[in-house]
Structure formats: structure tokens, C-alpha cells
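A, B, ... follow the sequence lines: proteins, then strands. Residue 1 opens every chain.
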Amino acid sequence: MNAVDVRDLTVAYHEKPVLWDIDLEVPHGVLMAVVGPNGAGKTTLIKAILGLIKPAAGEVLVDGEPYHRQRDRVAYVPQRGSVDWDFPTNVLDVVTMGLYGRLGWIRRPKQEHRALALEALRKVDMESFAKRQISQLSGGQQQRVFLARALVQDADVYFMDEPFQGVDAVTERSIIELLRALRSAGKTVVVVHHDLQTVPEYFDQVLLLNVRRIASGPVDEVFTEENLRTTYGGRIGFMSLVRERSRAATPEAER
Amino acid sequence: MTPEQIEIQLVACAVAAACALPGAFLILRKMAMMSDAISHAILPGIVVAFFLVGELHSPWLIVGAAIAGLATVVLVESISATRLVKEDAAIGLVFPVLFSVGVLLIARYAGDIHLDTDAVLTGELAFAPFDRLTVGGVDLGPKALVTMLAIGVANLVFILSFYKELKLATFDAGLAASLGFMPAALHYILMGLVSVTAVGAFDAVGSILVVALMIGPPACAYLLTDRMALMMVLSVGFGLLAAISGYWVAHWLDASIAGCMATVVGVVFLIVVALAPDRGLVSILRRQTRQRWAFAEKMLTIHLRQHEGLPEESRENRSAHLQEHLRWQADFAVDVVQRAVEDGFVVERGGFLFLTDAGRALASEAVVDA
Amino acid sequence: MIELLLTDYTIRTVALGAAILGCVSGALGTFAVLREQSLLGDAVSHAALPGIVIAYFVTGSKMSIVLMAGAGLFGALATGLVLSVTAQTRIKFDTALGIALSVFFGLGLVLLTFLQKRPDANQAGLETFLFGQAAALVVSDVVTMAIVGGLALLLVGVFWKEFKIASFDREFGRSLGLRMRIIEALLMFLFVVAIVIGLEAVGVVLMSALLIGPAAAARQWTDRLSLMFGIAALIGALSGVLGAVVSATASSLPTGPIIVLCAGVFVLVSLIGAPHRGLAWRWIRDWRNGRVLRMESVLLDLFALASQHERPDYPHEAAVLDLMANPIAGSTKSLKALEDRGLVTRVGESQWSLTQAGVARVRAILEGMSAGRRGDN
């Protein structure tokens with residue numbers, strides 16, 4: 001069974017398809033990169049998987065069960081720029097928000113929850129910033145706070161939207177360390193990623209996306225120049241892929 | 001119609017047209033609420049100018065109002081430039097404070113003069129014909145009419161002369177600046193015109209109705225066209241419509257003319273929102289429904305195409321199977337298949353679906369333009 | 001003034017009422033300001049006017065609770081219209097707000113003219129909704145407002161965590177499975193309640209200042225949401241009390257504008273004087289940084305000049321340093337300050353040289369610079 005199964009996922013904005021018929025299998029315990037050009041629908045894919053955008057068709061299974069029944073096992077790291085960092089709150093408080101889902105309506109976070117949040121901050125080396133106002137953080141520190149907020153959820157599957165965007169080299173290294181630690185703990189991590197060069201170094205699996213799924217699977221099999229050219233270069237990707245697939249599936253004798 | 005009635009309508013039309021012109025730029029520049037701020041904040045300008053010249057009908061009052069209007073803009077911009085307060089909060093703070101200053105100045109030092117705060121808010125168009133402008137014994141018509149016509153002409157001249165620059169500065173201030181068009185200067189001139197228009201209209205319809213006439217008609221026009229020139233013309237048209245029908249509604253109900261004009265603006269706006277071709281709610285809804293079906297039919301053809309001639313075909317193209325594979329509700333799947341059959345994209349034989357040539361063409365076309 | 005507050009029964013009632021109104025709207029305004037919906041309050045308060053008139057028409061009652069219900073209904077209607085027109089069409093938020101506030105207000109005026117024609121017209125008091133009339137509050141009004149406002153604040157307390165995440169990061173909240181739409185609708189409802197409560201004190205025109213002012217001022221004093229909420233409530237209450245008392249003592253001054261001016265003064269003081277965020281702090285910080293930078297650059301200039309020679313304390317003309325320094329600031333003041341710190345010393349009439357301590361300081365600065373450069377990479 002896979003950690004995540006996406007089947008026939010299609011998202012349309014008015015008539016324009018943003019994601020078209022995506023099938024994706026994410027095995028347990030892998031680091032998977034989602035790459036593709038701007039407007040390829042990378043963020044949309046993650047949001048659709050998480051049910052933040054209503055798909056036109058398709059379904060998402062986590063561990064073989066519909067996503068909405070497995071929500072507690074999934075954590076989300078949105079893009080850093082999606083919130084107002086001048087909001088009056090401190091680092092510990094933001095991390096504690098990761099526990100709001102588990103707390104449910106009305107119940108307030110208690111000392112034990114703050115302890116969990118501190119623990120998560122320790123994992124991203126931000127413990128000493130717990131009481132810091134969030135507007136005083138650098139980009140890399142903001143990113144680590146968001147990671148800690150996802151860590152505190154103690155999920156099995158993590159979806160991260162551009163966690164390496166605009167962070168310094170030191171932070172990038174520590175984030176990748178963290179992702180590897182998650183993988184060794186048996187977690188599954190799906191990351192929207194921009195830097196093609198680091199894909200083979202950082203990730204086990206890759207999804208090449210450009211409105212359609214161009215290819216997905218182990219990096220050394222899928223991350224080929226031809227696939228990349230299809231992803232970033234041409235518009236004709238899908239049909240040629242279909243043709244290729246049907247040729248491969250047709251027994252030799254029938255040709 | 002009595003001459004008074006005609007004159008009231010003329011004044012109303014002049015106000016509406018003069019307001020609609022700068023209003024169109026306000027909504028395109030996402031500064032609609034600035035008209036609200038300016039139309040309130042000019043009050044202290046009028047009051048202070050009145051204290052200085054001691055006369056209620058002096059043109060200096062208009063100057064005072066224009067200065068107060070510009071001061072509002074500058075104040076809002078400099079407060080939000082500190083980044084301690086967001087721009088919308090700055091607007092919402094500045095104009096009540098300035099307006100309060102005006103109200104208090106009147107209450108404290110000018111309680112006995114004709115500068116009634118209620119009238120400032122609501123205006124009274126019905127009295128416009130009685131305040132006439134005579135030059136050398138010749139009656140030139142109601143003062144409000146002359147004033148508003150002059151302001152309207154000034155707006156028109158400014159917009160016609162700087163149409164290209166205004167358009168560019170509205171669309172891309174950075175480019176305008178790099179081409180040397182001084183978007184900042186245009187911005188302040190435009191805001192000055194908004195202030196002058198507001199003060200002229202203020203007398204006739206009151207400050208809040210200025211907002212209705214500045215924002216409402218251009219918003220209607222904005223839903224009907226993408227062309228800026230046409231939008232300006234339509235804005236004026238909607239303004240005139242609101243002015244005249246507002247007057248007659250007020251006449252019929254025997255109610256506040258300004259209030260009725262604003263209400264008509266609202267009704268017209270709701271009608272346009274609902275019925276505008278292309279951008280109205282009805283057509284959006286219809287388009288969405290149509291697109292949903294068209295999209296579903298395309299998905300069906302692509303699904304079938306993908307598995308055509310492959311070993312799993314017999315499994316994937318069973319019509320009973322679709323809901324599972326495309327994650328559709330059962331009824332929806334049935335409807336889609338029926339539509340696709342009707343449109344000649346698909347044929348059904350013994351519970352299996354097969355693409356027609358048209359269906360195959362649709363699939364490839366859909367995939368290419370996706 | 002304080003004496004009056006303690007002894008005069010009427011003024012005490014009024015002040016208490018105004019305090020409650022200010023407190024509730026100030027507190028709820030916090031969320032509006034943070035969610036960038038400040039101007040929605042302006043639209044809602046204007047839209048309340050026809051609601052108030054219709055409520056009076058239908059019931060003939062001027063009881064606060066009845067008028068509040070009418071106002072609330074129309075406020076909610078306007079909010080719903082604004083939000084759905086913005087969501088469904090190309091009309092922008094600000095345009096929708098402008099139309100809603102002016103059209104609903106116009107409708108209110110039309111209805112008011114009908115009211116004035118009624119023979120039994122005892123409508124005096126309705127106009128007070130334009131500018132507010134805290135001075136006319138009676139005990140029963142105050143009790144009503146205390147109950148409604150108290151309930152609103154209580155609900156904020158109960159749903160504190162939900163409101164916080166809805167305001168900071170609603171998408172993340174949704175990913176946690178929290179029902180953001182319900183939470184936002186509730187928050188919007190409480191917002192309308194706060195506006196409706198405040199209307200009686202400051203009126204429809206000026207209401208937005210009572211929502212935004214306290215929150216905008218409070219934001220400058222704290223970086224914590226709970227404190228911001230509390231301080232905003234306090235500032236709102238203080239503005240209310242001050243406004244009510246001034247208006248009650250100085251004859252013929254309407255309450256609303258005075259309350260708004262009080263709130264405005266709080267904002268001004270906070271923007272300038274609040275520790276850390278305030279403009280005064282920023283100016284002082286910039287000035288200090290500038291002075292230190294200028295001193296350091298003069299020190300470095302002197303060192304650079306001296307390094308052309310065999311010894312680091314080689315003296316140079318002040319005129320040369322002036323040429324090298326910031327053209328406006330010059331070097332005279334910086335040299336004096338450096339001399340006071342024992343880093344440079346005057347040689348002869350117009351020449352200056354580094355002292356031992358000065359050379360040591362230059363080395364430290366240079367080391368700090370290169371360490372900083374390393375840290376950047």
C-alpha cells in the first residue's frame with residue numbers, strides 16, 4: 001500500500017484545466033520532489049490533495065483510506081509568503097497552532113501542548129526563539145517555524161510548498177537534514193521544489209508536473225533529460241506519452 | 001414639468017456626470033474608498049475657509065475643500081508609508097477624525113450659520129433652483145448648475161488631455177514613471193479633481209451620495225466593457241440614468257431626492273451584476289454549467305482514448321465503471337454519457353463505450369489546448 | 001471632570017454606556033484590522049441606517065434592542081452582498097464597499113423622509129444615529145448593551161483559538177480540519193454586533209474610527225494578540241468615557257466626534273511614542289545608527305590615510321577628512337565625539353591622528369566586517 005494515492009485528479013478553473021487527470025503513487029518513507037515550470041499546478045496539486053481546493057474529478061487516498069478520514073496523519077507547510085508576518089504573535093504560539101486540529105473546537109492549548117511545541121522548535125534549532133515576535137525573524141527562520149508547526153502535528157505524511165524558497169544555505173542544509181531525519185523515522189515527505197540541480201541529491205522520488213503528470217517515480221529512472229524537456233519545453237507532452245505507453249503495452253506479435 | 005423640476009434634473013445630471021468621470025479612474029485604481037474619505041474630510045476645509053473669508057458662497061471654500069481633500073490623501077499615504085498601519089485602516093481612521101474636526105468646529109463656533117451637519121451628509125437638491133447666479137442682472141440659472149457644469153467641464157478637459165497618460169499611470173505606474181509621465185503628479189491632480197467635484201456635489205447631494213455617484217455608475221460600466229473609453233461614456237450614461245430616474249422616484253414617493261438617486265444607483269448596480277452579458281451572475285452561472293458539462297465530456301473522451309486498444313479497455317470503458325474511475329456521482333456519469341452520445345462523441349454498445357472519430361478528435365484537441 | 005463622573009448620576013450612566021460601547025467595538029475591531037477588513041465596518045455601519053428606520057417603523061419602539069436587531073440585520077445583509085459580489089464578479093472589494101455604504105445610506109434617507117411624514121412622528125432620536133448621542137443613554141440602554149456586548153466578548157473568549165488561526169493562516173486551519181467558513185461567519189457576526197452597539201454612541205458616519213482606532217493604536221504597544229485585544233478594548237473604553245464626559249459638560253458638542261477625536265489622539269500618540277515600533281523610536285534609532293556609522297567611517301578614513309604612511313597614528317588635516325566624509329554631516333562633530341572617547345587626538349591646529357585605542361577599535365571594526373561578510377554566505 002502507498003502512503004498517498006492520487007487517482008485521476010483533475011482541477012479546473014472555469015474551463016481551463018489547471019491539473020489534468022493526475023495519477024500519483026507516493027510510497028511510504030520517501031522524499032518526493034514535485035517539480036515543473038511556473039503555472040504547472042504544483043501548489044494546486046498539494047492544495048487539491050489536502051482538500052483546500054475542490055477538484056473537478058478524482059480522489060486522494062492516504063494509506064488506502066480517503067483523505068478526509070486520515071486528516072490527522074497529514075501535515076501541511078504552506079508557502080512562507082502566504083501569511084502576514086507582522087501578525088501580533090510569537091514563534092511558540094505559531095508552532096502551537098499545529099495542535100489546533102488535534103485539540104478540536106474551543107479547547108485551549110495547555111502547558112503540555114506548549115511543551116510539544118518547544119520540542120518541535122528544538123528539532124529545527126529554533127528553541128531560543130520561542131518568545132520572539134514573528135516579524136523579527138529572517139526568511140530562513142520563518143521557514144523553520146513553519147516546519148516546526150508541521151512537526152508538532154506528528155503526522156505520517158508531510159506536504160511542503162517550497163520550503164527552500166528564499167532561505168540561506170545554512171537553513172537549506174538544516175532543512176534537508178530534517179527531511180532525512182523524517183524519512184529515517186518512516187515518514188513520507190512531498191516537497192514542491194524549484195531547484196532542479198539539487199533534486200538528485202535531496203530526493204528519492206520525483207514527480208514531473210506540467211498540468212499533466214509527465215512522469216513520476218525514482219529519481220534515477222524518471223529524472224531524465226528527455227522527461228525534463230517534456231516538462232519544461234513542449235506542449236505536446238501528453239499525447240506522445242499516451243502513444244508511447246500504448247506502444248509499450250501492446251504485445252510485439254500484434255504490431 | 002415646471003421650470004424648477006427641469007432645473008433640478010439638470011443639476012442632478014450635472015452632478016452625476018461630473019462625479020462619474022473621475023470615479024471611473026478611482027475604481028480602476030482600487031481607490032474607491034478614497035472618495036468616501038475625501039467627501040467626508042473636505043468638511044473641515046470648508047469650515048476653516050469659511051472662518052477665514054466669512055462668507056458661505058465664496059469660491060475660496062472650494063479651494064479650502066480641495067486642499068483638505070488632498071491633505072486626506074497625503075495623510076493616508078504617509079500613515080500607511082510608516083507600515084505601522086495598513087492602508088485600509090489608515091483611510092478608515094483619517095476621514096472620521098477630519099470629519100469630526102469639521103463637525104466640532106461648526107458646533108462650537110458656527111452654530112448659528114447655515115452649515116448644518118445633517119445637510120452636509122444628505123444635501124438637499126430640491127432647494128437648488130432657488131439659489132441663482134446672476135451676473136450683471138442676467139440670470140444664468142441655478143448656482144449649483146453653473147458650478148457643477150464648470151467642474152464637469154474641468155474634469156472632462158483634464159481627462160481628455162491626459163487620457164493616454166492617465167490610462168498608463170493607472171495600468172502600470174512604474175512604466176509611466178520610467179517614460180517620464182509623472183504618475184505621482186497625475187495622481188494628485190486626479191485627487192484634487194475628486195475633491196473639487198466632491199465639494200461641488202456635496203452642496204447638492206450630500207457627502208455620502210457623492211460616493212454613490214462616483215463609484216456606482218463606473219462600477220456598472222466596468223461590468224459591461226473592457227474598453228476604458230467606452231467605460232467612461234457608459235459611466236456618464238449610468239450617472240444620468242440614476243439622476244433622472246432618481247428624481248422621478250423621489251417625486252413619486254415624495255422622498256429625499258439624493259436618497260432616491262443613491263437607491264436607484266444600487267438597484268441599477270444589482271441589475272447589472274445579475275444580467276451583464278459575460279460578467280453578470282446569470283451568465284457566469286450559465287457558463288459554469290455549460291463548462292462543467294463540456295469539461296466532463298472532454299474528460300470522458302480522454303479517459304476512453306487513454307485506454308483505447310489497451311488490454312484493460314474492457315474494464316475501463318464499461319459505462320457502469322465510469323463513476324469509479326472518474327470519481328463521478330452515478331447520476332452525473334449517466335448524464336455525461338448521455339450528453340456525449342447525443343453530441344456524437346461516444347457510442348454505447350452492450351454496456352461498453354466506444355469513441356467515435358469526433359470523440360477521438362475532441363480528446364486530442366482538449367489535450368493539446370489544456 | 002472626575003468629580004462629575006463620581007457624583008452626577010446621569011453622567012455616570014452615560015460614561016458607563018460609552019465605556020461599554022467603546023470597549024466592545026475596540027476589541028472586535030482588532031480582528032477587523034488584522035484581517036484587512038477595516039473599511040467593512042464603515043460599510044456595515046452605514047448600511048445599518050435603513051435597518052434602524054425599518055425596525056422603528058415596524059415596531060414603533062425605540063428600545064435599543066429592537067433598533068439593534070434591525071441594524072444588525074441590514075449590516076449582515078450588506079456584508080453578505082459585499083462579500084458575494086466580490087467573490088462572484090470582477091468588482092473589487094473597495095468598490096463593493098463604496099456602493100454598499102452609499103446605497104444603503106441613501107435608502108435609509110428615503111425611509112427617514114417617510115418617517116418624518118408620519119403624523120405620530122416621534123422620531124426624534126433616530127437622527128442621533130447619524131452622529132450618535134451617548135448623552136441620551138438611559139440605564140436600560142446601558143444594561144442591554146452590557147449584556148449583548150458581554151456576550152459578544154465572551155464568545156470571542158470561547159473561540160479565541162479559532163479566531164486567531166482564521167486571522168493568521170486560514171488555509172492552514174482548513175488543512176487541520178477546522179471549519180474556517182463557520183468560524184469566519186461567526187467572527188463577522190460578532191463584528192456586526194459590535195458595530196451595532198457602537199452606533200448609538202458615535203453614529204453611522206464615524207463608527208469606523210471607533211473600530212479601527214483603538215486596534216491600530218493597541219497594535220503599536222504589543223506583539224501579542226491577547227494584549228492587543230485587551231489594550232484596544234481599554235483604549236476604546238477610555239475614548240468613550242472621555243468623549244461622553246466632555247460632551248456632557250461642554251454644551252452643544254455632539255458626542256460622536258469627540259469620542260472619535262479621543263481615539264484619534266490615542267492613535268497619534270501610539271504611532272509616535274509606542275516603544276520599539278513607534279516613529280520616535282525609529283527616528284532615535286536611525287539617528288544613533290547614523291552617528292555611530294559616521295564616527296566609524298571617520299575613524300576608518302583616518303586609518304586608511306595613515307596606512308599610506310609607516311605609522312598608524314600619522315596625523316592628517318581635518319579638511320581632508322571632511323572631503324572624505326558624508327558631504328552634509330562633515331567630520332567635525334564625529335571627530336569631537338571620537339576625541340571624547342579617546343580614540344583620536346588633536347595634533348597641532350587642525351590635524352588629527354588615531355590613538356592606540358583608536359587603532360585597536362579600527363582593527364575590531366575591520367574584523368567584524370569580514371566576519372559579517374563570511375556570515376552572509
What residue, out of B/Leu26, B/Val264, B/Val249, B/Leu104, has the most heavy-atom pairs lying under 4.5 Å from chain C?
B/Leu104
Go through C/Ile99, C/Leu271, C/Leu111, C/Leu81 and name the one with the most non-hydrogen pairs under 4.5 angstrom from chain B.
C/Ile99
Return the option, out of B/Leu253, B/Val85, B/Val265, with the maximum number of heavy-atom pairs under 4.5 Å with chain C.
B/Leu253
Determine whether a donor-acceptor pair (N or O, by modelled atom type, separation under 3.5 Å) exists between the side chain of C/Ser38 and the backbone of B/Asp88.
no
Tell me, out of B/Ala262, B/Ala250, B/Gly280, who's got the most heavy-atom pairs with chain C below 4.5 Å.
B/Ala262
Name the region of B/Tyr222, side chain, backbone, both or neither, that has any atom closer than 4.5 Å to a heavy atom of chain C.
both
What part of B/Lys30 gets within 4.5 angstrom of chain C, counting heavy atoms only: side chain, backbone, both, or neither?
both
Test log, rule side-chain contact (heavy atoms from CB on, under 4.5 Å), inputs C/Leu109 and B/Leu209
CA-CA 10 Å; C/Leu109 288 184; B/Leu209 286 305; 3.9 Å; yes
Between C/Asp42 and B/Phe95, does a side-chain contact (heavy atoms from CB on, under 4.5 Å) hold up when you go through it step by step?
CA-CA 11 Å; C/Asp42 198 30; B/Phe95 85 79; 3.3 Å; yes
I need the minimum non-hydrogen distance between C/Ala209 and B/Pro96, along with the two atoms involved.
CB-CB, 3.5 Å
Whether C/Arg90 and B/Asp226 form a salt bridge (side-chain N of Lys/Arg under 4.0 Å from carboxylate O of Asp/Glu) is what I want to check.
yes
Answer with side chain, backbone, both or neither: which region of C/Glu36 has an atom nearer than 4.5 Å to a non-hydrogen atom of chain B?
both
Structural part of B/Met261 lying under 4.5 Å from a heavy atom of chain C
neither
In terms of heavy-atom pairs under 4.5 Å with chain C, which of B/Gly266, B/Gly216, B/Ser100, B/Ala219 leads?
B/Ser100
C/Val110, part contacting chain B, at a heavy-atom distance under 4.5 Å
both
Please identify, among B/Leu93, B/Val267, B/Leu84, B/Ile215, the residue contributing the most non-hydrogen atom pairs under 4.5 Å to chain C.
B/Leu84
Which answer fits C/Thr113, side chain, backbone, both or neither, if we ask what part of it has an atom under 4.5 Å from a heavy atom of chain B?
side chain
Turns out that what part of B/Asp36 lies under 4.5 Å from chain C's heavy atoms comes down to side chain
Region of B/Arg83 in contact with chain C, defined by heavy-atom distances below 4.5 Å:
backbone
Per-residue contact mode, C/Ile258 against chain B (heavy atom under 4.5 angstrom):
both
So how far is it from C/Leu39 CG to B/Met33 CE, rounded to the nearest 0.5 Å?
4.5 Å
Do B/Val211 and C/Phe105 make a side-chain contact, defined as non-hydrogen atoms from C-beta onward lying under 4.5 Å apart?
no
Heaviest contributor of heavy-atom pairs below 4.5 Å to chain B, chosen from C/Ala215, C/Gly278, C/Ser102, is C/Ser102
Which atoms of B/Leu281 come close to chain C, meaning under 4.5 Å heavy atom to heavy atom: side chain ones, backbone ones, both, or neither?
side chain
Check whether any side-chain heavy atom of C/Val260 sits under 4.5 Å from a side-chain heavy atom of B/Phe99, and report yes or no.
no
Name the option with the most non-hydrogen atom pairs under 4.5 Å to chain C; the candidates are B/Leu270, B/Ile91, B/Leu213, B/Val94.
B/Ile91
